[in-house]
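A short write-up of the structure that comes next.
Residues: numbered from 1 along the sequence shown.
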Amino acid sequence: MRRRATAGALAAAAVLLSGCARPGAPADPVERPGGHAPQRTGSHGAPAAEQPPYRRWGLTAPLRPAPEPAARPALGALPVVTRVPTPDRVVFLTYDDGAERDPRFVAMVRDLRLPVTMFLTDSVVGPGYGHFARLRSVGASIQNHTLDHPALRGLPYAGQRAEICGQQNKLRARFGIRPHLFRPPYGLHDPTTLRAASDCGLAAVVLWRASMESDTVTFTHGEHRLRPGDIVSVASGDRADPTLVDRTKRLLRKIQSAGLTVGRLEDYI
């Protein structure tokens, strides 16, 4: 004959069962004094999921939206542009070649809504066009930097045209677009370059006044400080440190400290 369980025995069994995890359930988090489970936090003490994008990417304040340009500056038929003549307090971020394909950079451009311009070289991008399609989907602009990255100055017309028009055709096949901006490799060009670029349907040759190398901004001419309208070339390559994301973070902090923000180059040229 079974014995009837006492009330004390039933209570003890309930306590034991309450301490057992259900099969397949994750272990309970360790509790802090006061009974609250720990939360994962970002670098500024706020829960990581709640951090605003600008803090997530190392900025101390949001990046100001660029103003709507009142009008495009008159630059001529096929201008060679190192700096945009505008009173708007904007600078323009440009990246060359396509060697670095860090998925974090895509997330950065998306989260901060950065209007970056990518000048791509086909032989450098190689099989990485998918990465730049993702960048384009979050707002980056794709422009022409030749097929094979040669120094164009001094080359015959046929060779320069093949390099420039060939990349126009590649980018149209990849993205369904025909870029209107061209950056010659190393910034080297001559009158033949301008003729070939024009014949390939390009509207401007884009150089730069400022360059971001590691954590230092250097200038080709003029004042050694960022000014409205500056075109900035951000160094790229296969380096691991600092990464493209880190170089861009440092540059954005310098832009903010100068009282500037990032504009979309294609709105001005």
Side-chain angles (χ1 to χ4, degrees), residues 40-46 48 51-64 66 82-83 90-121 123-136 138-143 145 149 183 185-187 206-221 223-227 230-265:
R40 188 165 37 175
T41 61
S43 59
H44 293 266
Q51 284 206 322
Y54 71 90
R55 287 198 183 279
R56 201 176 311 142
W57 295 108
L59 305 182
T60 58
L63 200 63
R64 286 190 295 106
T82 59
R83 181 174 170 269
V90 295
V91 297
F92 308 100
L93 303 192
T94 65
Y95 299 78
D96 291 356
D97 306 341
E100 291 188 70
R101 296 185 281 277
D102 185 347
R104 295 180 307 146
F105 186 65
V106 179
M108 184 184 208
V109 169
R110 179 197 64 217
D111 291 350
L112 297 178
R113 299 182 179 180
L114 281 179
V116 298
T117 301
M118 317 300 296
F119 288 95
L120 299 187
T121 295
S123 63
V124 177
V125 176
Y129 274 103
H131 170 80
F132 294 98
R134 289 187 287 276
L135 264 174
R136 185 167 178 260
V138 297
S141 169
I142 303 298
Q143 303 294 342
H145 197 44
H149 209 271
R183 173 166 286 169
Y186 318 107
V206 178
L207 305 181
W208 59 90
R209 192 184 84 87
S211 179
M212 181 69 179
E213 299 280 351
S214 186
D215 62 350
T216 303
V217 179
T218 59
F219 299 88
T220 60
H221 62 278
E223 296 181 62
H224 284 205
R225 64 182 179 89
L226 288 171
R227 300 169 56 199
D230 275 344
I231 298 171
V232 187
S233 173
V234 184
S236 61
D238 295 323
R239 68 181 75 182
D241 184 42
T243 66
L244 190 63
V245 166
D246 290 333
R247 292 196 293 281
T248 303
K249 285 181 188 177
R250 295 170 187 178
L251 177 57
L252 291 176
R253 289 195 288 265
K254 291 176 185 294
I255 289 168
Q256 287 185 311
S257 68
L260 301 166
T261 192
V262 182
R264 185 175 181 272
L265 183 61

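Put simply, the side chain of Leu251 reaches to within 4.5 Å of the side chain of Val217, judged on heavy atoms. Residues Pro242 and Asp215 form no side-chain contact, since every pair of their non-hydrogen atoms from C-beta on lies 4.5 Å or further apart. Looking at Phe92 and Val206, their side chains never come closer than 4.5 Å, going by heavy atoms from C-beta outward. Side-chain contact check for Val232 versus Leu226: some heavy-atom pair is nearer than 4.5 Å. Within the 4.5 Å cutoff, side-chain heavy atoms of Met108 are placed close to those of Leu252. For the pair Met118/Arg136, no side-chain contact is recorded, criterion being any heavy-atom separation below 4.5 Å from C-beta on. Looking at heavy atoms from C-beta onward, Thr220 lies out of side-chain contact with Thr82 at the 4.5 angstrom threshold. Using a 4.5 Å cut-off on side-chain heavy atoms (C-beta onward), Leu59 and Arg253 make contact.
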Check against side-chain contact (heavy atoms from CB on, under 4.5 Å), Leu63 and Leu114: CA-CA 9 Å; Leu63 200 63; Leu114 281 179; 3.5 Å; yes
Steps toward side-chain contact (heavy atoms from CB on, under 4.5 Å) verdict (Gln143, Arg183): CA-CA 8 Å; Gln143 303 294 342; Arg183 173 166 286 169; over 6 Å; no
Test side-chain contact (heavy atoms from CB on, under 4.5 Å) applied to Leu112 and Val262, step by step: CA-CA 10 Å; Leu112 297 178; Val262 182; over 6 Å; no
Asp230 and Leu260: CA distance, side-chain angles, deciding distance, side-chain contact (heavy atoms from CB on, under 4.5 Å) verdict: CA-CA 10 Å; Asp230 275 344; Leu260 301 166; over 6 Å; no
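How far CZ of Phe105 is from CG of Asp246: 12.0 Å, rounded to the nearest 0.5 Å. Taken from CZ in Arg83 to CZ in Arg227, the straight-line distance is 4.0 Å, to the nearest 0.5 Å. In this structure, Phe119 CZ and Ser141 OG are separated by 7.5 Å, a value rounded to the nearest 0.5 Å. We find the CZ-CZ distance between Arg110 and Arg134 to be 12.0 Å, quoted to the nearest 0.5 Å. A distance of 8.5 Å separates CZ in Arg247 from CE in Met212, rounded to the nearest 0.5 Å. Note that NE2 of His149 is 8.0 Å distant from OG of Ser123, once rounded to the nearest 0.5 Å.
In this structure, Phe132 and Gly128 approach most closely via the heavy-atom pair CD1-O, 3.4 Å. For Asp102 against Val245, the heavy-atom pair with the smallest separation is OD2-CG2, 4.0 Å. Nearest approach of His131 to Glu100, heavy atoms of both residues: NE2-O, 4.1 Å. Residues Ala66 and Gly263 share a closest heavy-atom pair of CB-CA, 3.9 Å. Minimum heavy-atom separation, Gln256 to Ala61: NE2-O, 3.0 Å.
Arg104 and Thr243 share a side-chain donor-acceptor pair at under 3.5 Å.
Checked options Thr117, Leu135, Leu120; the residue passing with Ile142 is Leu120 (criterion: side chain to side chain contact (heavy atoms under 4.5 Å, CB included)).
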